[in-house]
Structure formats: C-alpha cells, structure tokens
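Structure first, commentary second.
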Amino acid sequence: MTQVSRIVILTGAGISAESGIDTFRDSGGLWEKHSIEDVATPEGFARDPDLVLGFYDARRAALADVEPNAAHTALARLERDFSGDLLLVTQNVDDLHERGGSTTICHMHGELKSALCTSCGTRSPWETTMIDRPPCPVCQAPTLRPDVVWFGEIPYQMRRIEEAMMGCDLFVSIGTSGAVYPAAGFVQQAKRLGARTLELNLEPSEGTSIFHEARHGPASELVPAWVEEVLGA
Ligand code: OAD
C-alpha cells in the first residue's frame with residue numbers, strides 16, 4: 001500500500017454486526033422488524049412517543065450485552081499508532097468504537113447513550129431509560145428524547161467531516177450499505193477531491209463500483225488486515 005497521511009474512515013452497522021448488534025437492511029435487520037416512519041422520524045415521535053422512547057431504551061439496554069470486536073479494536077490501534085491525521089466518522093449510535101479504545105469519534109447520527117432535551121436543547125450523557133419521562137439534568141423539564149438523528153434531521157458535525165474530507169488522501173468505508181445520504185455521498189466527494197477510496201464490506205454496497213478498490217468479507221477479518229497494511233507501509 002502506498003503511504004498515506006490523512007485518512008477519513010466511515011463506519012456503519014456492519015462493523016458492529018459481529019458483536020451482535022442488528023444491522024438495518026440485512027435480512028432480519030432492524031428495518032424489517034420496525035417501520036422507519038414509526039421509530040426514526042420526528043413525526044413518528046410526535047405520534048407515539050412511548051413507542052419511540054421504548055424502542056431506543058431497549059437498544060440502549062442491549063449495549064450491556066455486547067462487546068467490541070476485532071474491527072473496532074483495530075481502528076483504535078490505528079488511531080494510536082498512525083503518524084498522520086485520522087478522522088473516524090460513524091453512522092452508528094452504539095458505543096463500541098469508544099469501548100474498543102478509539103477516542104476521537106464523530107457520531108454523525110448521534111448516540112444511544114446521550115439524551116437531547118427538547119426544551120433547553122442540552123445534550124446529556126444518558127445510561128438509563130427515557131420512557132418514564134425523567135427530568136433533563138439541566139432544566140429539569142421531563143422532555144428528553146434520544147439524541148439520535150432521525151430521517152429528515154440534519155446529521156451532526158457535517159462541517160468537521162467536510163473539512164477532513166477536503167484534505168484526506170484516503171477514504172475508507174466500512175460496513176455500510178451506502179443507502180443513506182449524506183454519508184452515502186462521501187465516497188464521491190472524496191474521489192472528486194482526489195482521495196483514494198476503499199470499501200471494506202461483507203458484500204458489495206450500493207455504491208461499490210464507485211470505489212477505487214473494494215474488499216469483501218467480515219469486518220473482523222478485513223479491518224485488522226487493512227490496519228496492519230497501513231501501519232506497516
Ligand atoms: P445497513 O444495515 O444499511 O448496512 C449494513 C452493511 O453492513 C451491509 O452492506 C452489510 O452487507 C454489511 N455487513 C453486515 N455484516 C457485516 C460484517 N460482519 N462485516 C462487514 N460488513 C457487514 O447499515 P448502515 O449502512 O449503517 O440511520 O445504515 C445507515 C443508516 O441507515 C444508519 O445509520 C441508520 C439507518 O437507517 C438512521 O437511523 C438515521
């Protein structure tokens with residue numbers, strides 16, 4: 001592998017699949033069991049807040065039963081040992097990158113372990129449930145919602161991501177189907193800006209032909225092998 005100095009990595013649900021977290025669009029995935037309109041839109045929340053709060057409470061509680069896998073820990077090793085710049089952007093709302101040892105993570109779709117107060121706008125670390133309408137730790141209003149980005153809302157930290165994309169010489173997409181924008185458009189953007197692009201996914205994603213290179217297989221095997229290559233180059 002040629003030497004690279006600035007890497008942007010985008011991860012999706014596939015990186016956490018081998019840890020036991022359901023992806024969204026694979027067979028048996030979350031969007032087969034739940035409707036996006038009901039649990040992942042502001043309109044769904046307005047219609048039936050208990051359904052939505054219960055859905056995310058269950059997903060938050062399920063984090064206690066899973067552990068990071070070799071792909072998460074390999075990316076943490078890359079962050080530690082890579083001498084260039086690295087930005088890890090994830091669409092995942094789980095905390096497995098953090099628990100795998102990564103420290104700088106851009107959660108563009110928010111986090112399960114965070115609460116957003118719809119009264120005062122504060123984001124607070126959150127470990128427990130919301131269906132029982134606990135007070136916001138800052139303003140005390142019982143108006144918390146999951147701090148996750150729903151369809152129709154603007155993803156977090158887009159400016160920071162765009163700045164990193166401008167200067168990157170390698171863009172790597174890991175475990176994402178490439179079905180949801182703006183993340184699905186990052187590969188085209190990176191390519192236009194002159195970066196090399198690499199896909200690491202179980203199977204070809206929707207945008208697989210756009211990448212300069214695509215490797216297919218489980219993240220727990222592909223990611224550690226790729227990290228080894230980068231650090232050994
Ligand atoms: P998807 O469920 O759409 O795609 C998961 C991808 O991971 C698929 O392409 C699988 O082939 C791949 N995959 C599955 N197991 C894998 C493994 N062991 N190793 C490597 N790859 C594997 O999930 P995302 O692309 O993350 O947004 O979905 C993007 C967004 O859509 C999510 O952040 C969420 C969802 O709706 C919101 O809720 C706003």
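As the structure is a computational prediction, the values presented were derived from the model and not from experiment. One-based numbering, in listed order, for ligands and for the atoms of each. In this chain, residues are counted from 1 in sequence order.
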Practice item. Would you please name every residue forming a side-chain hydrogen bond (donor to acceptor under 3.5 Å, both in side chains) with Ser19, sequence neighbours left out? Key: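 Ser19 satisfies side-chain hydrogen bond (donor to acceptor under 3.5 Å, both in side chains) with Asn69 once adjacent residues are dropped.
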Would you confirm whether [X], through its side chain, and [Y], through its main-chain N or O, come within 3.5 Å as a donor-acceptor pair?
X	Y	result
Asp169	Ala195	no
Tyr56	Asp147	no
Glu79	Leu86	no

**Study point:** NZ/NE/NH1/NH2 to OD/OE distance under 4.0 Å, Arg47 and Asp38
**Key:**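 Yes, Arg47 and Asp38 are salt-bridged.
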Point to revise | Shortest non-hydrogen separation from Ala74 to Pro224 and the atoms involved | key: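 So the two residues come closest at CB-CA, 3.7 Å.
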Practice item. Check each protein residue for a heavy atom under 4.0 Å from ligand 1 and list those that pass, ordered by chain and number. Key: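 If the criterion is a heavy atom under 4.0 Å, then ligand 1 touches Gly12, Ala13, Gly14, Ala17, Glu18, Thr23, Phe24, Arg25, Asp26, Trp31, Gln91, His109, Val149, Phe151, Gly175, Thr176, Ser177, Val180, Asn201, Leu202, Glu203, Gly217, Pro218, Ala219.
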